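Numbered from 1 within each chain, the chains take letters A, B, ... in sequence-line order. These figures come from a predicted structure and were not determined experimentally.
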Amino acid sequence: MSDTTPDTVPGHRYTAELAGRIENRWQDFWEANGTYHAPNPVGDLATGDLPADKLFVQDMFPYPSGAGLHVGHPLGFIGTDVYARYHRMTGRNVLHTMGFDAFGLPAEQYAVQTGQHPRVTTEANINTYLRQIRRLGLGHDERRRISTIDPGYYKWTQWIFLQIFNSYYDADAGKARPIAELEAKFAAAGAEFDGKTWAELDKAARAKVLNEHRLVYLSEAPVNWAPGLGTVVSNEEVTADGRTERGNMPVFRRNLRQWMMRITAYGDRLIDDLDRLDWPEKVKSMQRNWIGRSNGARVTFKSSNGHNSVDNVDDCDITVFTTRPDTLFGATYMVLAPEHSLVEALTPAAWPEGADERWTGGAATPAEAVAAYRRAASTKSDLERQENKKKTGVFTGAFAVNPVNGEQIPVFIADYVLAGYGTGAIMAVPGQDQRDWDFATAFGLPIIRTVDPGEGFDGEAFTGDGPAINSGFLDGMDVEEAKKTIIAWLEERGAGTGTINFKLRDWLFSRQRYWGEPFPIVYDEDGTPTAVPESMLPVELPEVDDYSPKTFDPTDADSEPSPPLSRASEWITVELDLGDGPKTYRRDANTMPNWAGSCWYQLRYVDPTDSERFCEPENEAYWLGPRADQGPNDPGGVDLYIGGVEHAVLHLLYARFWQKVLFDLGHVSGDEPYRRLFNQGYIQAFAYTDARGVYVPAHEVVERDGKHFHVDPDGGEQEVRQEYGKMGKSLRNVVTPDEMCEQYGADTFRLYEMSMGPMEVSRPWATKDVVGAQRFLQRLWRNLVDEETGAPRVVEDAPDEATLRLLHKTIAGVHEDYSAMRYNTAGAKLIELNNHITKHFPGGAPRVVAEAVVPMLAPVCPHVAEELWQRLGHTESLAHGPFPTADEAYLVEDSVEYPIQVNGKVRGRVTVAASAGQDEVKAAALAEEKVAALVEGKTPKKVIVVPGRLVNIVL
RNA sequence: GCCCCCGUAGCCCAACAGGCAGAGGCAGCCCCCUUAAAAGGGGUCGAGUGCCGGUUCGAAUCCGGUCGGGGGCACCA
């Protein structure tokens, strides 16, 4: 390291130590001068001229974790910064900043452990984070920093919640509307609700009706209950193996009264509008997959059973969703999910005559069999239910009527049918569905093929296309035609309808935690939820003694959530006058999920100080509105949004949903939040385990002959095993940006990260490679500054033609690379140019070259670029340019060297004037010595001249 | 099981739209500087593009198959 031999290093060499001084100085300068302040059209931040050409660049909202940053975290931040700086230098008004998504579980859990208020630890973490990112020289508009835990911010999160609460989805118009309009419609149209008109309903009854239509509503549906966390979580937060994404706790389906957001109303638009977005295909397909739209039909099967146990016989009809209504003639039995609400009503008192032993599970009555099966299913976690692919189930004792042929078919319950998808019930067609085939085989149920699988088919269920058979009036039709025909037939008879089904379910929006936004909702004595008036926002979090929700044994499925806010007795009851005079209300004790704050933060970045509105319309339209230059279908949104792919369905789906509601209600001008999305790759790292499987510090490992050895500080050495993956404390392979800044400087670190590969690619961290970036900056520095004296060493003479050509080629290439986020190749071009300077100008760089190369370096290495710019004699910061432009005159070559291929192999080269026509090139190629020898009087079959590229002679 | 992405020097990566496989960095090697060493300087070596086949005058690039790696979804009716 440089500090070991200070006496031999020239005083003005670009060492880590000098870089550190330069970086500090410029960070202070930028901050003091508001260098990165981007003016708004109106309001507090309307400072300075407003360029028409703007760019909004955004990083995904970071959570300020207590662990601090490792070198992987800033990759995306530096990428957006380079992009922002490049565009700022070319004259655009660039909005780039960073705030914090600061509510969340880790801070709360830490608070529970230490007894410290989560705000205290969160704010400390934010300060650490800010210190770390400041050191990297990110050009953020500091005035726009926001934090979701700030009451000035979450006031508006609550306000948006109320907008959604006070809306319904008008399916005919295909958009959200104020709930007041629906109320007026109900009042005017004389609509009836259980035989009463709107006017006849009392307040609570009206509220109940409206609750059924609101975009945020209270629901009693089954939710994901995680006893180990003491809270419910959304479907998106449950992993495929039925555990919580955070905390890895088992999740159980429980009927609990919870807030839901009606995101399903937007299913079509959320899918269709993906086509208008400039997003990675991968993310789009993940969203399509998650939303899971499928076309099919709902078909109702009448059931005459159940009247033994329940009075209302009509209620026993079973509606199923199917994507294959064409196979209805092959439906030989039905299956309900064990949790299906009709199960009890359907179940008769006794088994029908001769019920199969396999069907009854050996139980004396259907009720016993059903109860036993339901009990068994409910104690299984989702994972267990999925793992066991062997079909289980039990007969309910009931039958239903197949509407196409009047056949009585048995009704089962089985856990291979999911309660939450479709109607929670299916018609089983074993001939065309493998799952049904498996079940039918296990239970001895009939199998009827309704699609001809063709000669020689020896499989089980046939899911392909073919002519319908055994299907009455459908026989002979292909699947597509049969579907159309049967849907029309069903609709005519009122037995079914063509329909679209979504896998997407409504968004469970309440959590039983402390550290989140309180709901701006109170309940009256009837338990009717009412919005807190806007004037009373924000509803602030109360101080409490105990931040933890009541948690339970993680496997205790029967436990009940008990949110911490419910114990804040002072806060929970409140006296309000909501129009009926002062009354006592009870506050909602839930908090919003972590995703709430990040659903709309781009809007607040735009107008962070506005106290009247969440965002002024002029500012919103300028930064986020649709733009004519983006084509006719432009949805608007952030111009470049960079983050990891892990938020593909959670945050990105929720944020799109909120944006669409705000758009429908006229609060914003664009209907998508993020026009262009880009997923950066991850920085990964090697980790090493010794013979015991214990991780050893990665920096103490050396490689020899493809083997890895851990060199103990005491001198011992042992072979270790290499793993590749994440960087993390427990893997003992963390490298921090702070260390890199200390050892090399922030500019070197930035340059190294950007040159490791293209932005989207994941790559391994290699500390030993960082020195390459440092050497380049040292060489560049040395070409412009005398290492002994610190004086500039540029020469005023005009450079030669070849140098100018290279310079302008570099300028043109660097422009392209920066716009395409190919920072690795931009860096390589600058190194190439610098190598040229080193070789040809030992006395110092020509000024014209120096004054171009420094600004070109600035987006990646802003500090050293500012420093060099100043030393070249400039007094203005480089942040807003100038950025050099290429002179076309130097880009066109006078002459071109053509490689000459004979039968595809290069055999020689000729140099001809760039203006030469194809015939001249051809003639020159054939005249070339080695080529002529090969051709030797033969007449070539073909001579291909690719202008500017090569010549290929085919013999 | 289904879907998507990626395989180029020892390593990380370039190669516009099919047209000379190499821009850049690390490591290696040689030389210079140095009493010496180093993350100081200069230079140099290095792969025929995972594998098989096809299309083409010409393939890293397009197509089919195959192997390897990564990711997403997964009883969604």
Answer with yes or no after comparing the ring centroid distance for A/Tyr752 and A/Tyr744 against a 6.0 Å cut-off, counting only values under it.
-> no

Quiz item: A/Arg763 side-chain donor-acceptor pair to B/rC13 base, under 3.5 Å = no

How about A/Phe443 and A/Tyr333: are their ring centres within less than 6.0 Å of each other?
-> no

Looking only at atom P, what distance separates B/rG64 and B/rG25, rounded to whole Å?
-> 38 Å

Counting only distance, no hydrogens or angles, is the base of B/rA77 paired donor-acceptor with the side chain of A/Tyr416 under 3.5 Å?
-> no

On RNA chain B, nearest-nucleotide positions of A/Lys829 versus A/Val761: which is more 5'?
-> A/Val761

Please work out if A/Ile831 contacts a base, only the sugar-phosphate, or nothing of the nucleic acid, heavy-atom cut-off 4.0 Å.
-> sugar-phosphate

Taking atom C1' in both B/rC45 and B/rU34, what distance in whole Å separates the two?
-> 26 Å

May I ask which nucleotide in the shown strands pairs with B/rG64, Watson-Crick or G-U wobble, both distances under 3.5 Å?
-> B/rC52

Expressed as a whole number of Å, how far does the P atom of B/rC12 sit from that of B/rG70?
-> 14 Å

Give one of base, sugar-phosphate or nothing for A/Asn289, where a contact means two heavy atoms less than 4.0 Å apart.
-> sugar-phosphate

What is the nucleic acid contact for A/Arg775, judged by heavy atoms within less than 4.0 Å: base, sugar-phosphate only, or nothing?
-> sugar-phosphate

Contact letters for nucleotides 1-7 of chain B, in which S counts primed atoms plus P, OP1 and OP2 and B counts the base, heavy atoms under 4.0 Å = -------

Could you tell me whether the side chain of A/Asp769 has a donor or acceptor atom within less than 3.5 Å of a complementary atom in the base of B/rC26?
-> no

Base, sugar-phosphate, or nothing for A/Lys941, non-hydrogen atoms under 4.0 angstrom?
-> nothing

Partner nucleotide, any strand, of B/rC75 [Watson-Crick/G-U, under 3.5 Å] | none

